[in-house]
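Please read the structure below before turning to the comments.
Per chain, numbering begins at 1; letters A, B, ... match sequence-line order. Heavy-atom basis, side chains included; hydrogens, waters and symmetry copies ignored.
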2 protein chains.
Amino acid sequence: MSPTKEDYLKILFELGGRTEQVPNKEIANRLSISPPTVTEMMNSLVKAGWVVYTPYKGSKLTHEGTDYAKKLIRKHRLWEVFLVKHLGFNINAVHPEAELLEHSTSTELADKLEAYLDFPEYCPHGGAISVDMMEEQEVKTVHLTEAAVGEPVRISRIVDEDKLLQYFENHDLKIGDRVKVMDRDASLDLITLHHGTTEKEIQISQTIAQYLFVEYL
Amino acid sequence: MSPTKEDYLKILFELGGRTEQVPNKEIANRLSISPPTVTEMMNSLVKAGWVVYTPYKGSKLTHEGTDYAKKLIRKHRLWEVFLVKHLGFNINAVHPEAELLEHSTSTELADKLEAYLDFPEYCPHGGAISVDMMEEQEVKTVHLTEAAVGEPVRISRIVDEDKLLQYFENHDLKIGDRVKVMDRDASLDLITLHHGTTEKEIQISQTIAQYLFVEYL
DNA sequence: ATTATTATTTAGGTTACCCTAAAAATAAAT
DNA sequence: ATTTATTTTTAGGGTAACCTAAATAATAAT
């Protein structure tokens, strides 16, 4: 498996390809490549048994594809823990580093690293590390865009894209913070939040809020 | 720079390309690829300024190429220290792991890792880690095949190829051991050693002995 | 000084992964 | 129910990194 193919599987998983069909365009956007390249790659992933592809509809991961993606994500998150906890990296800087390392990590290395880190449950962005907990976390957790208005929730995970992390940090939002959705305006693409600690009102784009996950308390 | 190109630079350095012209065949053998591929790659490395190539003669690293190779080797050795000292890898198992990791290691990561490891001087195979010490070590150190008969020496470095390490372990030779060359027979390709600790006589192939470096005491 | 051997290069081909432009299919809007 | 807009695919191309087979250059051996 090439790092390139691994990236496709991981993105597919992150876009919900375990349970739903992911359209090519979303993958193209996320990886910053052209749509024809995605079509081509999907056919190759189908041939290798990682993906089920319905032309003009989108792709779903097979069982094997899902497992593979989860293992990659586990490696990614283990490295993030190491980089932050032991090497003193800033939490916003670890994503690109882990993105590279994950492709160069054998199962044996991941296992030894995990033991060395004392079996951490979550990565610095709140993502579950054990492949079994990944699905569990998915069930308990909901996109901020779907959280009920007025209900207090806790920020449990932030999709670890460099620029997104910066965006949320700029708006004083981080893992563990308690917030309450005050208003959601679809036409203006705006969500207004009440921050539990600072007691301030925060406004963020609804589109971007998709990358923020919260847990009901 | 692709991992592939990085591998060529590193091999070139290891084969003495800093000071001498390395013929294509040696590179082809070491990387297990065909000679035409080496020719092609050398032209590409020349164009990028890493290598000076004399057709039918061989390749030398430019100053930039040497620096690049040294940095890669530093990363490789830092990972080896981490894998052995912290993750508990067997010394003979770390080479392939480090081989992958080195290509996914930013300078920032290498620097932080080095500090975390408390600035080790040598990798588990005895190779110097600081890019400045690499040349120094080269000067003080001589191939076992060139050590004077009867002179006591200390094994200072073993080229870290998986199979070679196994070979030397099978013959009870490891970093730090004191040995004395008793006899060298070019026609039989045999070197006879006296082991300082076990007081035993050891015979190894002269061809393979090239990958063993010793330091005069 | 030829001849034989070995090393290197040229020529031509393959696969992986990327692209743009144009055609076709699907979805949305009137 | 058409038209319009969007998404996807097909067609045709490019580069990187590999290959084999054949030609050429360099080296070694007679």
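Taking 4.0 Å as the cutoff to heavy atoms of chain B, we find the contact window on DNA chain D bounded by D:dA17 to D:dT27.
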**Study point:** Protein-to-nucleotide contact annotation, 5' to 3' order, nucleotides 14-19 of chain C [B base; S sugar-phosphate only; - none; under 4.0 Å, heavy atom]
**Key:** ---BBB
Practice item. Spell out protein contact along nucleotides 23-30 of chain C as letters: B when the base is contacted, S when just the sugar-phosphate is, - when no protein heavy atom is under 4.0 Å; keep the 5' to 3' order. Key: --SSS---
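In this view, B:Q21 and B:T54, B:K57, B:K60 satisfy the side chain to side chain contact (heavy atoms under 4.5 Å, CB included) rule, not counting sequence neighbours. With sequence neighbours excluded, the residues satisfying side chain to side chain contact (heavy atoms under 4.5 Å, CB included) with B:S104 are A:L100, A:L101, A:S104. Residues meeting the side chain to side chain contact (heavy atoms under 4.5 Å, CB included) test with A:A93, sequence neighbours left out: A:F89, A:N90. Qualifying side chain to side chain donor-acceptor pair (under 3.5 Å) partners for B:T66, counting only residues two or more places apart in sequence or in other chains: none. Remark: A:R18 engages A:E135, A:E138 in a side chain to side chain donor-acceptor pair (under 3.5 Å) (not counting sequence neighbours). Under the salt bridge (charged side-chain N to carboxylate O under 4.0 Å, His left out) criterion, B:K112 pairs with B:E108, sequence neighbours left out. Not counting sequence neighbours, the partners of A:S187 by the side chain to side chain contact (heavy atoms under 4.5 Å, CB included) test are A:D185.
A heavy atom lying under 4.0 Å from DNA chain D marks the following residues of residues 10-24 of chain A, by number: A:P23, A:N24.
With the end axes of the helix from C:dA1-D:dT30 to C:dT30-D:dA1 each set by five pairs, the angle from one to the other reads 0° at 10° resolution.
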